[in-house]
Amino acid sequence: MDKIRISQIAKELSKTSKEVLQKAEELGFGVKTASSAVTATEADVLYNYILLGVNPNAGKESVPKAKATKSKITESKVTDSKKSAKESVKTSVKATKSSVKSEAKSSIKDEKETQKTKITTSKTTKSPKDSAQESKVALSAKKETTLKVEQEPLKEVSENLAENPKNTSISTQDNLAIKRTGLRIVKKRDFKDTNTKEESVRESQREEHKESPRTLQDLLGSLEENHTQPKKKKKEKSSLQSSKNLGQQKIDLMDNREFQSMHDDEEDGIILFDLSVQDERDIDEEENERKATTERIKVQRHNPFMERGSTRRSSRKKAPKIQKTQEVVSGLVKIPEEIRAYEFAEKIGRSTGEVIKVLFGLGMMITKNDFLEKDAIEILAEEFGVQIELLNTADELDYTQLHDNEDKEEHLIVRAPVVTIMGHVDHGKTSLLDYIRNTKIASGEAGGITQHIGAYTISKNGREITFIDTPGHEAFSEMRARGASVTDIAIIVIAADDGVKPQTIEALNHAKAANAPIIIAVNKIDKPDANPDKLKAEAAELGFTPLEWGGEYEFVHISAKTGEGIDDLLETILLQSEILDLKANPNRPARAVVIESSLERGKGPVATLIVQNGTLKVGDSIIADTAFGRVRAINDDLGRSIVSIAPSGVGVITGLNEVPLAGSVLLAVENDTIARDYAQKRVAHLRQKELSHSTKVSFDELSSMVALGQLKSLPVIIKADTQGSLEAIRGSLEKLQNEEVKVNIIHKGVGGITESDVTLAGASTNCVILGFNVRPTGSVKNKAKELGIEIKTYSIIYSLLDDIKALLGGLLSPVMEEENTGQAEVRETFSIAKVGTVAGCFVTEGTIQRGIKVRLIRNGVVIHTGNIASLKRFKDDTREVAKGFECGIMLEDYNDIQVGDVFETYKEVEKQRIL
Ligand SMILES: Nc1nc2c(ncn2[C@@H]2O[C@H](COP(=O)(O)OP(=O)(O)OP(=O)(O)O)[C@@H](O)[C@H]2O)c(=O)[nH]1
């Protein structure tokens, strides 16, 4: 059998082991120490005895003990029989009371013994009925203590017991269960403030209790009901707290104290829910938001394509929306000169659409990626009322700034003048250079025309002069302009037998624009028909007055054929260069200008340069616009290999990665990386600009494009051996077009004709490939034959241009031209009824034909235009009457013919136009 230790029971009953031991001894269990054990049955008896005072041995040896104890304080006024019955009830009530009391006291830590004694005393002095009443009072009084003890069931049990002394059926187990619920402080309460309503409720409850005895279950149920009230309050509080959480901003203003006071006020009937009304609205809104968010999350969760990342993406997507609403920028805005439409819009805080709309209104069709012209930027700034400052961002692409021209005087040496020779076609430019260099360049040229810019250096009296030979043909005007830009001195060759010609004027203007001193070479002075005075007069008329005539221009008479005056010319150049005090620093990286460039088989890109400052050496890292590389080899103007080019020196270099544009500045830089970086930046920039430009069309251009859409155009691909030739051909072809036909250059490039060129031509209807000084190879020829592409190659620009002219002529629509066929004078008129007027005429010119168009001319004025309806010779109709014969003419629907009028017949002829 299981044994239970005294200490264990003491612990269970919240008693000391000593107390339990004492009780056990009273029951005669024969235990001595706290570790002594009793049987389970004994333990049960002990529980009952300690808690309820029920002694199973009461009728035996324990009763006398109890009697003995109580008899000491009880004055036996009752009989023995009654006494035992009363004793049992008393004991029972006492046990209940003591249990309640002891619990309360143990909780509040009162002196249990004194209290117990008091109550016991009061009870023992009263009758059982009184004592029952007393117990009620005691319980009431207990309620009136400052602590509300949540022991309602026990109270009720006591009351029940008091009211129904016989009802002692509450089991020990039940008691234990009740006991084990323990005490709970629910609320601190001032009894004085107790609501009378509450009291009356309790009264009614008591009445109910009186009417029907209630089970413990019922009582517990009512207990729960009683607890409902405080719970409700709790709920209200918690609901407010939750609203506090939701409407944080509002509720945070309230501290707990205020909140508490609100709660207290509520008991006084004041409802403080105004705030919560607002809160409720907030709650509703928040609730809706929360719902929406929840829904969204649900959707996202259910969407297999949307994971966490995608949620983040969507939130990222929202970011630009916020940007859209960015504020309009005020104050000074710094705008780079090279800026795209959308970038500009961003800078001034407008939408790209707004910017494009304004430009559209101004007739500029642009896309958001297009670069804006400087003017457009200024207009836009004005339109949007923004103050702007234009910044030159081209700086970062401008590699030429790497070479500053600041050189100390001591580092400078005298350099040779760079002389450009310009003039009208065939006035003798090449012959002059030829003579100077003693070479026969002119005779070696294809077709006798200078095709390329060439540069040469000569020595005169131990001093050097660099010459640039620019072509005279107008197609090369662009190159001439470039030539002039590196020119120190310009020589304008004018043939004395021909005088000033349009291209002479052009050359003079170019030289003037280049701010270069001009020397006029009056050439072909050896010719018998040479008339230098006429030439000088013409030049003076243009503002180029000779020195001897009081002007400022040196006119040197020369003959490129005989060499007469050429020394004078060279001396004049040297004199002029002295005046100019031309100097450079040879001990620094070079700055040069590309005069000519080409792609040469086995050499790659080749560039002819004139070094302006510094010295260019083999191995130098170089950049020229979008081309970069390292100088692999240098050749001088005679084709000899050299290792460096000094200032004003001329040379042909190899080593660039692509053919540089003629006229571009070439710099020697510190290393390859710098060269490559700049070149690549420029390539990217130019490509972007090119793309941008391709989409840029003004309104005028748009209309012309519409018009051109109805017209014929000739698509061509041009391939040339050098950049210069290519540009010249391009320029010439562009000039060929008129309002009706145009040359559409779909591709152009330096180098041979390739298969890809043929493929490209094949993709375009009627495309022709034009090659200049290049020839197609076998495979390219085959492909062209296969695709039916015509490849035309030339070595003379004129021939090329003539061919294209003819081609374009074929594309021109024929014009209707009038051709007069005859004239006849009216000598007499006959009016025939129902027929009309018949004019008797004499044919004075050509022939007059029936049905032909005719003008009726009176006093030199055309008064009618129509057709000849009838033509008669005497009385017979005839088809034609020749000059010197008479005839009768009747006009179609016209009779106002007078003597002296003239008939002029004509026919309209279709004529093919030429360019
Ligand atoms: N009599 C005479 N003939 C000259 C003189 N200079 C040039 N010529 C001739 O004039 C013609 C044209 O000479 P070029 O030197 O080719 O003329 P250009 O100005 O270089 O011509 P383009 O290269 O076509 O621009 C040639 O036949 C020369 O022989 C001169 O001083 N006297």
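For ligands, and for the atoms within them, numbers begin at 1 and follow the listed sequence. Just the heavy atoms: all of them, side chains too, but no hydrogens, waters or symmetry mates, feed the values below.
Under 4.0 Å from ligand 1, not a single heavy atom of T562 appears.
Atoms of ligand 1 found under 4.0 Å from any heavy atom of T430, numbered from 1 in the order shown, are 15 (O), 18 (P), 20 (O), 23 (O). Under a 4.0 Å criterion applied to the non-hydrogen atoms of H424, ligand 1 contributes the atoms 19 (O). Residue K527 approaches ligand 1 through these ligand atoms, each under 4.0 Å from one of its heavy atoms: 1 (N). Numbered from 1 in the order shown, with element, the atoms of ligand 1 that lie under 4.0 Å from a heavy atom of D526 read 1 (N), 2 (C), 30 (C), 31 (O), 32 (N).
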Check your understanding: Is there a side chain to side chain contact (heavy atoms under 4.5 Å, CB included) between I491 and V556 once you walk through the steps?
Key -> CA-CA 10 Å; I491 295 183; V556 184; over 6 Å; no
Exercise for review: Apply the test side chain to side chain contact (heavy atoms under 4.5 Å, CB included) to residues L569 and I519: give CA-CA distance (whole Å), side-chain angles for both, the deciding distance (0.1 Å), then the verdict.
Suggested key: CA-CA 8 Å; L569 180 68; I519 298 169; 3.7 Å; yes
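Aromatic pair F772/Y794: centroids not less than 6.0 angstrom apart.
Between R463 atom CZ and L574 atom CG the span is 4.5 Å, to the nearest 0.5 Å.
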Ignoring hydrogens and angles, write down the donor-acceptor pairs under 3.5 Å from the side chains of residues 645-662, residues two or more places apart or on other chains.
{"residue": "S648", "atom": "OG", "partner": "R415", "partner atom": "NH1", "Å": "3.0"}
{"residue": "S648", "atom": "OG", "partner": "A416", "partner atom": "O", "Å": "2.6"}
{"residue": "T654", "atom": "OG1", "partner": "A633", "partner atom": "N", "Å": "3.4"}
{"residue": "N657", "atom": "OD1", "partner": "F628", "partner atom": "N", "Å": "2.8"}
{"residue": "E658", "atom": "OE2", "partner": "T626", "partner atom": "OG1", "Å": "2.7"}

Which donor-acceptor pairs under 3.5 Å do side chains of residues 536-543 form with protein atoms, sequence neighbours excluded?
{"residue": "K536", "atom": "NZ", "partner": "E548", "partner atom": "OE2", "Å": "2.5"}
{"residue": "K536", "atom": "NZ", "partner": "H557", "partner atom": "NE2", "Å": "3.0"}
{"residue": "E538", "atom": "OE1", "partner": "V500", "partner atom": "N", "Å": "2.8"}
{"residue": "E538", "atom": "OE2", "partner": "K534", "partner atom": "NZ", "Å": "3.1"}

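Ligand 1 lies within reach of S559, whose nearest heavy atom is under 4.0 Å from it.
Note on K524 versus E564: no salt bridge recorded, every NZ/NE/NH1/NH2 to OD/OE distance being 4.0 Å or above. Using a cut-off of 4.0 Å between Lys/Arg side-chain N and Asp/Glu carboxylate O, D625 and R682 are scored as salt-bridged.
Geometrically, ligand 1 and A560 share a nitrogen or oxygen pair separated by less than 3.5 Å. Note: no N/O pair closer than 3.5 Å links V425 and ligand 1 by distance alone.
The residue from D497, V493, D426 that puts a heavy atom closest to atom 22 (P) of ligand 1 is D426. Comparing H427, M422, E564, K524 against atom 8 (N) of ligand 1, the shortest heavy-atom distance belongs to K524. Distances from atom 7 (C) of ligand 1 to the heavy atoms of S431, P528, G563 show the closest one on S431.
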